[in-house]
**Student:** 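Structure provided below as structure tokens; questions to follow.
Counting convention: from 1, in listed order, for ligands and their atoms alike.
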Amino acid sequence: MQPIITVMLNPVLDQTLYLDRLRPGAVNEADNGQVYPGGQGVNIARGLADWGVPVIATGVLGTENAAPFAALFAAKGISNRFVLQEGSCRSTVKLVDRTSGLTTEVNQPGQPIQPDAYAACLWQIDRLCQPGSLVVLTGSLPPGLPDDTYAWLIARLALHESRVALACGGQALMQAIGGLPLPFCINPNRQELAQAVGQALPEVRDVLHAALHWHRNGVAQIVVSLARSGALFVAEGKAWHAQAHGMIGDGDALLAGWLAAQHQRRDIEDAMRLALACSTGMLGIVGSHSPATSTVRDLAREVRLTRLPA
Ligand SMILES: O=P(O)(O)OC[C@H]1O[C@](O)(CO)[C@@H](O)[C@@H]1O
């Protein structure tokens, strides 16, 4: 089985702190939080590995805090091909207010990639990619890399006859879908898709029209996470609205489930069920764990799929 390759240029250490009530401007007391390797590429690599998909993870990490990433990759059997540069990767703080249930996130932009580390990372990607490889490009770009970085990488990967699943928003997404070659799969949330089409998408039918536009333009698969409303999938000229009991808690797990199912040659309906179950199953889970397989199977059975006009 060909491995899936995940590329992350701006990894992050996620720290989650729980507070009874967050009081802005005051001294707040939190429970001892734990720090986990994160960022979309790491989360997707972990989710894929938990479903038995062979994964190679690459990108750029800082020598000062690469150890927890290496430990996670070793524990999950993920082939670690990250390039190291001096310094450390960024970190985030997630403040969970138990009273309101709201999470406040504080994200750092990250460290610029040093030119030799970037060159080594590109060399690594070139070496790893085979015809037919699926490459997942994810996350916000570090300072210093231009907005067309993913568009440029997609073109480079097309020379290897590799397909790209792209999980990012903002200008990086707009550049990637604004030219050719296109990514094989995109995974925006509702806001990111709205920004890409330049208009609000309040109803599911608005999201459908926007997704169909990009599908007709040549993006083979579009997976849009809709939070409480589930997710919208467009593939093979068809569209579905998939809903679960819980809300889509985790966009990274949604994409990991979708790609894992296809890697295992399951059909589209099974892939949508697994994607939603992986995502809703992540609600309440902090850190580098996936929900139990039995939990995901139960959740998958409860997913409701509605065919939409395409
Ligand atoms: O790469 P971005 O878009 O800045 O997002 C990073 C954050 O998103 C997550 O990957 C969750 O999707 C976190 O692990 C991380 O803190």
Side-chain angles (χ1 to χ4, degrees), residues 6-17 33-50 55 57-62 65-66 68-69 72-73 76 78 82 88-96 102-113 121 136-145 147 149-150 153 165-176 183 186-193 195-196 223-227 231 247-259 275-276 278-291:
T6 63
V7 177
M8 196 171 40
L9 300 172
N10 200 10
V12 47
L13 281 174
D14 286 323
Q15 180 172 34
T16 303
L17 298 172
Q34 282 193 310
V35 178
Y36 295 96
Q40 288 168 280
V42 169
N43 296 338
I44 292 168
R46 181 183 50 68
L48 288 167
D50 284 340
V55 184
T58 186
V60 178
L61 279 166
N65 57 7
F69 293 90
L72 173 70
F73 297 145
K76 298 285 179 184
I78 295 168
F82 269 83
S88 46
C89 75
R90 64 186 169 144
S91 49
T92 66
V93 181
K94 299 177 197 297
L95 302 170
V96 184
L102 296 175
T103 300
T104 304
E105 294 196 25
V106 186
N107 288 0
Q108 294 178 347
Q111 300 299 318
I113 294 189
C121 180
V136 188
L137 302 178
T138 61
S140 59
L141 293 165
L145 284 188
D147 291 337
T149 296
Y150 286 140
L153 273 172
L166 180 67
C168 69
Q171 281 296 329
L173 172 64
M174 284 153 82
Q175 297 266 351
I186 58 171
N187 171 219
N189 59 33
R190 191 197 293 250
Q191 292 72 27
E192 289 167 340
L193 188 62
Q195 194 188 4
V223 179
V224 188
S225 41
L226 302 171
M247 75 184 263
I248 295 288
D250 188 303
D252 301 343
L254 184 78
L255 185 61
W258 171 249
L259 297 178
L276 257 82
C278 287
S279 177
T280 52
M282 282 301 287
L283 278 175
I285 295 183
V286 176
S288 307
H289 317 285
S290 292

**Student:** Note the single closest protein heavy atom to atom 5 (O) of ligand 1, along with its residue, its atom name and the distance in Å.
**Tutor:**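 Scanning the protein heavy atoms, the shortest distance from atom 5 (O) of ligand 1 goes to R90 NH2, 4.2 Å.
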**Student:** Could you tell me which atoms of ligand 1, counted from 1 in the order shown, lie closer than 4.0 angstrom to a heavy atom of K94?
**Tutor:**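 Answer for ligand 1: 13 (C), 16 (O).
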**Student:** Side chains of T58 and T6: closer than 4.5 Å at any heavy-atom pair?
**Tutor:**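 A side-chain contact under 4.5 Å is absent here.
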**Student:** Protein heavy-atom contact under 4.0 Å for atom 7 (C) of ligand 1?
**Tutor:**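 When distances to the protein are checked, atom 7 (C) of ligand 1 has no heavy atom within 4.0 Å.
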**Student:** May I ask you to identify the nearest protein heavy atom to atom 15 (C) of ligand 1, giving residue, atom name and distance to one decimal place in Å?
**Tutor:**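 Here the nearest protein heavy atom works out to D14 OD1, 3.5 Å.
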**Student:** Please identify which atoms of ligand 1 are closer than 4.0 Å to at least one heavy atom of G139.
**Tutor:**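 Close to G139: 1 (O).
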**Student:** Around atom 11 (C) of ligand 1, find the nearest protein heavy atom and jot down its residue, atom name and distance.
**Tutor:**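 Protein heavy atom at minimum distance: D252 OD2, 3.4 Å.
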**Student:** Considering only non-hydrogen protein atoms, determine which one is nearest to atom 4 (O) of ligand 1 and report residue, atom name and distance to 0.1 Å.
**Tutor:**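 Checked against all protein heavy atoms, atom 4 (O) of ligand 1 sits closest to S140 OG, 2.8 Å.
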**Student:** Check A256 against L48 and note the closest heavy-atom contact, atom names and distance.
**Tutor:**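 Residues A256 and L48, closest heavy atoms: O-CD2, 3.5 Å.
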**Student:** Can you name the nearest heavy-atom pair linking P37 to N43, along with the distance?
**Tutor:**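 Scanning both residues completely, I find the closest heavy atoms to be O-OD1, 4.1 Å.
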**Student:** Parallel, tilted or perpendicular for Y36 and H289, by the 30°/60° rule?
**Tutor:**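 Ring orientation of Y36 relative to H289: perpendicular.
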**Student:** Do T92 and N107 pair up side chain to side chain, a donor and an acceptor below 3.5 Å, judged on atom types alone?
**Tutor:**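 The criterion, which ignores hydrogens and geometry beyond distance, is not satisfied for N107 and T92.
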**Student:** Heavy-atom count around Q34 CD within 6.0 Å, excluding the residue itself: above 12?
**Tutor:**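 Not more than 12 within 6.0 Å, no.
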**Student:** I need the contact type for D250 against ligand 1. Using non-hydrogen atoms and a strict under-4.0 Å cut-off, is it side chain, backbone, both or neither?
**Tutor:**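 For D250, no heavy atom sits under 4.0 Å from ligand 1.
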**Student:** I'd like to know whether ligand 1 has E192 as a neighbour, heavy-atom separation below 4.0 Å.
**Tutor:**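 Contact check E192 vs ligand 1: negative.
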**Student:** My understanding is that we take every heavy atom of each candidate and find the minimum distance to atom 9 (C) of ligand 1. Doing that for L13, N43, V12, N189, which one comes out nearest?
**Tutor:**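 The nearest heavy atom belongs to N43.
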**Student:** Is the shortest distance from a heavy atom of G39 to ligand 1 less than 4.0 Å?
**Tutor:**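 The answer is yes, since G39 has a heavy atom less than 4.0 Å from ligand 1.
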**Student:** Does S279 reach the main-chain N or O of D250 with its side chain, forming a donor-acceptor pair under 3.5 Å?
**Tutor:**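 Side chain of S279 to backbone of D250, a donor-acceptor pair under 3.5 Å: yes, one is there.
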**Student:** Side chain, backbone, both or neither: which part of Q108 comes within less than 4.0 Å of ligand 1 when only heavy atoms are counted?
**Tutor:**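 The answer is neither.
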**Student:** Quick one: closest heavy-atom pair of L259 and A165, and the distance?
**Tutor:**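 It is CD1-CB, 4.2 Å.
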**Student:** Can a non-hydrogen atom of N10 be found less than 4.0 Å from any atom of ligand 1?
**Tutor:**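 N10 does not count as a contact of ligand 1 under the 4.0 Å cut-off.
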**Student:** Please report the shortest heavy-atom distance between N65 and P68, naming the atom on each side.
**Tutor:**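 Minimum heavy-atom contact is O-CD, 3.5 Å.
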**Student:** Using a 4.0 Å cut-off to any heavy atom of Q40, which atoms of ligand 1 qualify?
**Tutor:**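 The atoms of ligand 1 under 4.0 Å from a heavy atom of Q40 are 1 (O), 3 (O), 10 (O), 12 (O).
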**Student:** Numbering the atoms of ligand 1 from 1, which are under 4.0 Å from a heavy atom of T92?
**Tutor:**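 This gives 16 (O) as the contact atoms.
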